[in-house]
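Remember, it's a predicted structure, so these values are computed and weren't measured experimentally.
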Amino acid sequence: MQRRSGTRTGLIVIVLAGGLTLWLGGCPITDTTGGNTTPTVAGLQVFASSDELLTYVKEQARERVSAQQRDSYWNFFSLGGAAAPTAMEEGATASDDSGDGASPGYSQTNLQEAGVDEADIFKSDGTNFYIADDSTLRIVQADPLAGLAQVAEIQVGDDIQDLYIYGDSIIVIGYRYMDVDPNDYPYPMPRWGYGWGWYGVQRLQVSQIDVSDPASPVQTHQLEIDGSLVDSRLADGRLVIISSVTPELPTDTYEIQELTLDSIMPAVTTSSGDAPAVSWAQWYYPNDRDGVFTTTVMTLDAANVESVIGSLAIIGDAGTIYMSPEALYLTDDEVAADDLYRPVTAIHKITFDAGGVPQYAASGSVPGRLNNQFSLSENEGYLRVATHVEEYGMFIEPWFGDVVIGIAVSNAEAQMRTPTEPFNAVYVLGQAGDTLKVIGLIDNIAPGEDIYAVRFMGDHGFVVTFEQIDPLFVMDLTDPTDPTIAGNLKIPGFSEYLHPWGDNYLIGVGQSTAESRWGGTITDGIQLSLFDVSDWSDPQVVQQVTIGEQGSYSDVSSTHKAFTFLPESGLLALPGQVTSGTAAYGWPTEYSSVVVLVSVDAATGFTELGRLDMIAERQGDYSEYYYGPYWRRAAFIGDALYAVSDAGVNAAPIADLAQTISVQFPMPEDYEPWGGVYPEEDTGEGVTSSPGTAGAPDDE
């Protein structure tokens, strides 16, 4: 969930028919010079001194107090609705050709960019599996298949979010929760925080675990950062951590005046002690000041995560993150100035010097919103961006029926009109000084439809939109200043993930569709599509197949990291839920969590080879309250297929998926079925490790 910055500043006057005047807080952040396809400028400036940074924060704190007072006044006299939330009240979220996600002999995490590793809750080194399970890092010996067993587990922090493999170590990214007595109110807050939940306030924690002896993992380094995780990447031996922080600002004007720089600066903690996470000289703020919610970028030495190479901070929200081998791109959802509530995506480019220190490079923006990280792609220095452009307007009911009101800031006269039909666009941005400028665009793509998948391959791109059918558009981006639609293909269903296979094929994973008995279109099973794009002007579908019935879905639809494919052999493993036995009213009667094994042939398409069940439940007390895997992954090692989840590992030879062997994970010792998992009291003893138990072959 994305966290929004503080209350928008400024006032807009809207004059309605009949003479009623409404005063609305919420002036737009950016400036534009044209219609829906004209880009805006979202530049950043650096503070000239530490005093200027402190003054900025104080001003924003005072503005927030004033905004809250205005909101209270408005709520008293308004037509209804809650006050706009403040930064403290809201929650936060996280070469074009992908690496094929595999190396000889075993599968690895599927990546968007070759050479830019992405974290996941499951990692494989071809011999062992490393699995994040709440606060436990589980190590499972996966090869040889007959020896499948958990060989160790180690407690790391309170809540593991992500893992990386680096050399003989596992980098663990997670949280340490600061204990809160539920009887204490107000709850204590750190200088910088993300909020609190069942566990109280939290700090982002990066730990390094030596697994040179997988049976005896040892923590060697640990670093903590104030804030919450947005995303991360690992490239060239450097770990890039993107986090979100916001200060706990007072609401009393006297206390605001007494703020000090130390009280508002986020800290980083290592074995050497505390230090500022970002120097004041590396703080950047937007041209249009808006709150104090801040995104930080920190580079760590992957060989020793306590070694901070460099950092910077941008005052603004953190949205979709994309990183190429050349640069990191941070995005922020904003609102255009020419039309109320029209989404704009601000983009900030970060580069790294030879030593790995992050440096602000340029900013720009484009109309619309992104689908996910695959909506962004860098090629030969140009950034390509695919967005869905929609003008929301403002609907006032019930007094004014379906009246839609749009406000042009350049013209104070109110305008009443119906928003234009939504459409999609692809922009090409080039850097000119510290500005990312749109040098080419394709707009008005599939009006009235939304983007479901995007993939860029070299000088071409693919966009899938959907309303009733699935149009696949092929973009020719050979000339960045004159991109065009080279061809398109319309087929039933839709793809939510596109994966390149060589230069001529795309594999699509999504949902098939069917006509509802009540009218309209409904999803109807997992859909696999194989596209032949050897002729850009005339893409063809080799085959489409549907797996399961209504209610079936693959984890690939929500994360590309669940896509497991061996391009050399054409073996594809899809984890997901497959339903069958549709009863009255279209509801399925059987549900199963499985890995579907499929052979992919360029000429004939897909052949299902079988299915491997996921572990259905955990061991121990409260297992009856366990309702199936929270996440699913598939893996290949040699001639074996593995179904991996938070409940355990099930494996079998590819040639005979009925000959299974498994490792079942226990319920956490402190598991409470009605209240979540509560971390044990911090004893200061650090991490612990213990061996697991081996699985046994299935005799059935």
Side-chain angles (χ1 to χ4, degrees), residues 100-110 120-133 136-153 163 165 168 170 211-217 555 561-576 592-600 607-619 629 631-666 691-700:
D100 282 317
S103 65
Y106 69 99
S107 59
Q108 295 174 283
T109 302
N110 178 35
D120 197 13
I121 47 181
F122 162 74
K123 289 286 183 176
S124 169
D125 63 11
T127 300
N128 299 296
F129 292 159
Y130 305 92
I131 301 167
D133 183 14
T136 302
L137 171 64
R138 300 189 183 277
I139 303 176
V140 174
Q141 178 182 301
D143 187 57
L145 178 61
L148 181 70
Q150 178 178 303
V151 296
E153 64 181 44
L163 305 174
I165 296 176
D168 289 331
I170 302 298
V211 291
S212 55
D213 179 1
S216 301
D555 291 49
K561 298 169 187 177
F563 185 88
T564 305
F565 181 56
L566 297 178
E568 298 87 358
S569 60
L571 288 177
L572 171 62
L574 291 177
S592 57
S593 287
V594 298
V595 171
V596 181
L597 180 62
V598 177
S599 174
V600 187
T607 302
E608 183 175 330
L609 302 180
R611 301 178 184 182
L612 179 62
D613 289 334
M614 292 280 177
I615 299 296
E617 62 182 21
R618 286 178 175 252
Q619 295 175 338
W631 53 266
R632 308 172 184 86
R633 296 291 187 271
F636 293 107
I637 299 180
D639 296 326
L641 175 65
Y642 299 80
V644 186
S645 74
D646 60 297
V649 180
N650 202 21
I654 292 174
D656 188 357
L657 296 181
Q659 294 298 312
T660 59
I661 184 171
S662 64
V663 173
Q664 187 179 32
F665 299 150
T693 56
D698 188 346
D699 295 329
E700 298 180 357

Engineer: Within a 6.0 Å radius of atom CG on Asp639, are there more than 12 heavy atoms belonging to other residues, nucleotides or ligands?
Structural biologist: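 No, CG of Asp639 has 12 or fewer neighbouring heavy atoms, counting only those of other groups under 6.0 Å.
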Engineer: What are the two closest heavy atoms between Val595 and Ala573, and how far apart are they?
Structural biologist: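 Looking at all heavy atoms of both residues, the closest pair is CG1-CB, 3.7 Å.
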Engineer: Side chain of Arg618, backbone of Asp646: donor and acceptor closer than 3.5 Å?
Structural biologist: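 Yes.
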Engineer: Is Asn650 reaching over with its side chain to a backbone N or O of Asp613, donor-acceptor style, under 3.5 angstrom?
Structural biologist: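 Checked: pair present.
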Engineer: Looking at every non-hydrogen atom in both residues, tell me the closest pair between Ile615 and Ser662 and how far apart they are.
Structural biologist: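 Result for this residue pair: CD1-CB, 3.6 Å.
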Engineer: So which atom in Gln659 and which in Pro653 form the shortest heavy-atom distance, rounded to 0.1 Å?
Structural biologist: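 Closest approach of Gln659 to Pro653, heavy atoms only: O-CD, 3.3 Å.
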Engineer: Evaluate Phe665 against Val140 for side chain to side chain contact (heavy atoms under 4.5 Å, CB included), listing each step before the verdict.
Structural biologist: CA-CA 11 Å; Phe665 299 150; Val140 174; 4.1 Å; yes
Engineer: So how far is it from Ile637 CD1 to Thr127 OG1, rounded to the nearest 0.5 Å?
Structural biologist: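 Taking CD1 in Ile637 and OG1 in Thr127, the distance rounds to 6.5 Å.
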Engineer: Should Leu137 and Pro217 count as side-chain neighbours, where that means a heavy-atom distance under 4.5 Å?
Structural biologist: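 A side-chain contact is absent here, since even the closest heavy-atom pair is not under 4.5 Å.
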Engineer: Are any non-hydrogen side-chain atoms of Ile131 and Val649 less than 4.5 angstrom apart?
Structural biologist: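 Side-chain contact under 4.5 Å: yes.
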Engineer: Is any side-chain heavy atom of Pro575 closer than 4.5 Å to one of Met614?
Structural biologist: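 Result yes, sub-4.5 Å side-chain heavy-atom pair found.
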Engineer: Among residues at least two apart in sequence or on other chains, which ones pass side-chain contact (heavy atoms from CB on, under 4.5 Å) with Ala652?
Structural biologist: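 Leu612, Leu657, Thr660.
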Engineer: Return the minimal non-hydrogen interatomic distance between Leu148 and Ala651, and the atom names on each side.
Structural biologist: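 Heavy atoms only, the tightest pair is CD2-CB, 4.1 Å.
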Engineer: Measuring from atom NZ of Lys123 to atom OG1 of Thr109, what distance do you get when rounded to the nearest 0.5 angstrom?
Structural biologist: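 Going from the NZ atom of Lys123 to the OG1 atom of Thr109 covers 3.0 Å.
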Engineer: Evaluate side chain to side chain contact (heavy atoms under 4.5 Å, CB included) for Asp133 paired with Glu153, printing each intermediate quantity in order.
Structural biologist: CA-CA 10 Å; Asp133 183 14; Glu153 64 181 44; over 6 Å; no
Engineer: Output the distance between atom CD1 (Ile170) and atom OH (Tyr130), rounded to the nearest 0.5 Å.
Structural biologist: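 Ile170 CD1 to Tyr130 OH: 5.0 Å, rounded to 0.5 Å.
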Engineer: Under the ring-ring contact (aromatic ring centres under 6.0 Å, His included) test, which residues partner Phe122, sequence neighbours left out?
Structural biologist: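 Partners of Phe122 under the ring-ring contact (aromatic ring centres under 6.0 Å, His included) test: Phe129.
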Engineer: Under 3.5 Å, is there a donor-acceptor pair between the side chain of Ser107 and the main chain of Phe636?
Structural biologist: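 Yes, the answer is positive, given that a donor and an acceptor are paired below the 3.5 Å cut-off.
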Engineer: Can you tell me how far apart OH (Tyr642) and OG1 (Thr564) are? Round to the nearest 0.5 Å.
Structural biologist: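 It is 13.5 Å, given to the nearest 0.5 Å.
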Engineer: Rounded to the nearest 0.5 Å, what separates atom CZ in Arg138 from atom CG in Asn128?
Structural biologist: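 If we round to the nearest 0.5 Å, Arg138:CZ and Asn128:CG are 15.0 Å apart.
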Engineer: Inspect the contact between Lys561 and Asp555 and indicate whether a charged nitrogen and a carboxylate oxygen are less than 4.0 angstrom apart.
Structural biologist: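 Salt bridge between Asp555 and Lys561, a charged N being under 4.0 Å from a carboxylate O: no.
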Engineer: Roughly how far, to the nearest 0.5 Å, is OH of Tyr106 from CG of Leu566?
Structural biologist: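 It is 12.0 Å, given to the nearest 0.5 Å.
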